[in-house]
Amino acid sequence: MSEVAQHYPPGQHPDMPPPAGQRGVLLWLRTNLFSSWINTLMTIVAVYLLYKIVPPLLDWAVLDAVMNAANRDECRQLGSGACWAFINDRFSILVYGFYPAAERWRVDMSFILLCLALVPVLFDHVPFRKPGLIFSCVYPLIAGWLLLGGFGLQPVGTDEFGGMMLNTVVGVTGIAFSLPLGILLALGRQSHLPIVKSCSVCFIEFIRGVPLITLLFVASTMLNYFLPPGTTFDLLLRVLIMVTLFSSGYIAEVVRGGLQAIPKGQYEAADSMGLKYWQSMRLIVLPQALKISIPGIVNTFIGLFKDTTLVLIIGLLDVLGIGKSSLADAQWNGLSNEIYVSIALFFFIFCFGMSRYSIYLEKKLDKGYKR
Amino acid sequence: MGEVNAAESKTPVASAAGDDDLIEIIGMHKWYGDFHVLKDINLRVKRGERIVICGPSGSGKSTMIRCINRLEEHQKGQIIVDGIELTNDLKQIDAIRREVGMVFQHFNLFPHLTVLDNCTLGPIWVRQTPKAEAEATAMEYLSKVKIPEQAHKYPGQLSGGQQQRVAIARSLCMNPRIMLFDEPTSALDPEMIKEVLDTMVSLAETGMTMLCVTHEMGFARTVADRVIFMDGGEIIEENEPEEFFGNPQHDRTKLFLSQILGH
């Protein structure tokens, strides 16, 4: 620090780097980890906790874990950690449920096609986006054909659906159909037409006032009373409808929040141009309102996806139901940690993916507003 | 709808005062609930006429011009724009809105669209103009308001004055017969007021029919064919600018002018 302060004539001061300790790693450490004694203490405590938690977890999940074994006792002999051999043994039923083994390629195929169908929806600037979007629109029909069979494929009943595949079917269908329905409901609630408005309000308030489980019970039992005797109305289809209606009520409220944030001037500018109602909604209002609503919409979707496990209550065996029944197997008794950690991981991957995508989308759409 | 005759409103109303009238407002009243905002407004605007409307805040001047393109609904009297009477008929409202451009105090550009897309949206969706043609027209008008180089930026990246000039260009792209200006410079810094006023002056020189609510008296003097003074929801006085500023007739007008020009 023997540097002598140097003076420059006015207007000729050159740009200089900040002094040592005010830049780079040292600065980051000081401002983020050791800025005050409380902060320093918290850093030390955090490091200690990590030291206590991470190594044992790593031992259990990876280092001492057993990947291949015939039953629980063999597992225990081979290692003290997690018995992933159990998951290995049960993997296909956890994923496909009771879907006939010879036809499981159809589930794989529809999942791969789902990923392909999502690309043009989720990202602009991909090659062949326009034909891609057409494919995305017809995808539900293709997936329905692949999963249910018929027209040349061996028919598979929905009672054979199960596991992660069932969660994904319910979740993806709910998400895909509740967004447009929710937007319509939100617009209906904002409408000046009294009948449209009161219908939307009643529907939304009813849905939000009733637990999803109740609706699922209604779907599984009570609908039979209302439908003419002898009608067979697929249970999975009823669940799909209920889940979609349920989350559309929530989406509607989230989107309404976005709609209310749009300044009146935007509507007036659109009106004064002579745009019709649907044009001004589609071109001006909704693009802005949906952008604001992204965090809330994705939040609802994540909730919906996790709620798909509730179908367990009305007797559909989703991944959680199959996991639970696997625990009863005498050969693998008592390995609940392994099962629940795996199921948690499955949900986490999907939900975390949605969350990251929403952040990406927010950043992308922010461009128009930055100065 | 008050006294407006439904049968009559379906057909264009033949103007008794001659074909030169682009806007006719006859005995128009408006209420907000019980509050009588506009009282017996009578106004005729000829093709190519430039009219400046001034008055204290709350005098109803903005409300009056917003009635002309049905952003506000009037409850009594008639408004006839380009031979079409304003009624609840959505088709007629849309037909009028296509011909009437409006520039707002707060610009109201669409923040999620680029400047160019802001300008082409109306022509493409309302007038069904092909995209390439709409873009060419938009660039032409953006050049006229002197910001063609900003075409691919977003409104949030422009200054207030630039945004307001984009808003003017956006309205002009619809090729309107009438332009309404609702205090276009009130939200701007002094330096930016001039660039917007210059744009409006050059627009006036093209012979556009203009109704401007503004406090810019210099603009009124140089451009206006007529100045209208409103107070308390009524038109108090209307005259040519020289007469209006040099020899105001009503005490209320004199007071207003002395306050606005006095410093």
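In the text below, chain A, chain B and the rest are named by the order of the sequence lines, each starting its count at 1.
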Item to check | Side-chain donor or acceptor of Arg97(B) paired with backbone N/O of Arg70(B) under 3.5 Å | outcome: yes

Item to check | Region of Asp182(B) in contact with chain A, defined by heavy-atom distances below 4.5 Å | outcome: neither

Checklist entry - Of all of Met174(B), Arg170(B), Gln105(B), which one pairs up most often with chain A through heavy atoms under 4.5 Å apart? => result Arg170(B)

Next on the checklist: On a heavy-atom basis, which atom in Cys351(A) and which in Lys306(A) lie closest, and how many Å separate them?
Outcome noted: SG-CG, 3.9 Å

Checklist entry - Can you pull out the residues in residues 244-266 of chain A with any heavy atom less than 4.5 Å from chain B? => result Lys264(A), Gly265(A), Gln266(A)

Checklist entry - Looking at residues at least two apart in the chain, or sitting in another chain, which of them share a salt bridge (charged side-chain N to carboxylate O under 4.0 Å, His left out) with Arg127(B)? => result Glu99(B)

Checklist entry - Which pairs count as ring pair (Phe, Tyr, Trp, His ring centres under 6.0 Å) when at least one residue sits in residues 167-209 of chain A, sequence neighbours excluded? => result none

Checklist entry - Quick one: of Arg66(B), His106(B), Arg98(B), who has the most non-hydrogen atom pairs under 4.5 Å with chain A? => result Arg66(B)

Checklist entry - CZ of Phe352(A) to CD1 of Ile302(A): how many Å apart, nearest 0.5 Å? => result 10.0 Å

Item to check | Donor-acceptor pair, side chain of Gln150(B) and main chain of Gln162(B), under 3.5 angstrom | outcome: no

Checklist entry - So Trp31(B) and His29(B), would you call those rings parallel, tilted or perpendicular, with 30° and 60° as cut-offs? => result parallel

Item to check | Portion of Phe104(B) that has a non-hydrogen atom of chain A nearer than 4.5 angstrom | outcome: side chain

Next on the checklist: At a 4.5 Å cut-off on heavy atoms, which part of Leu180(B) comes close to chain A: side chain, backbone, both, or neither?
Outcome noted: neither

Checklist entry - What residues, two or more places apart in sequence or in another chain, satisfy ring-ring contact (aromatic ring centres under 6.0 Å, His included) together with Tyr32(B)? => result none

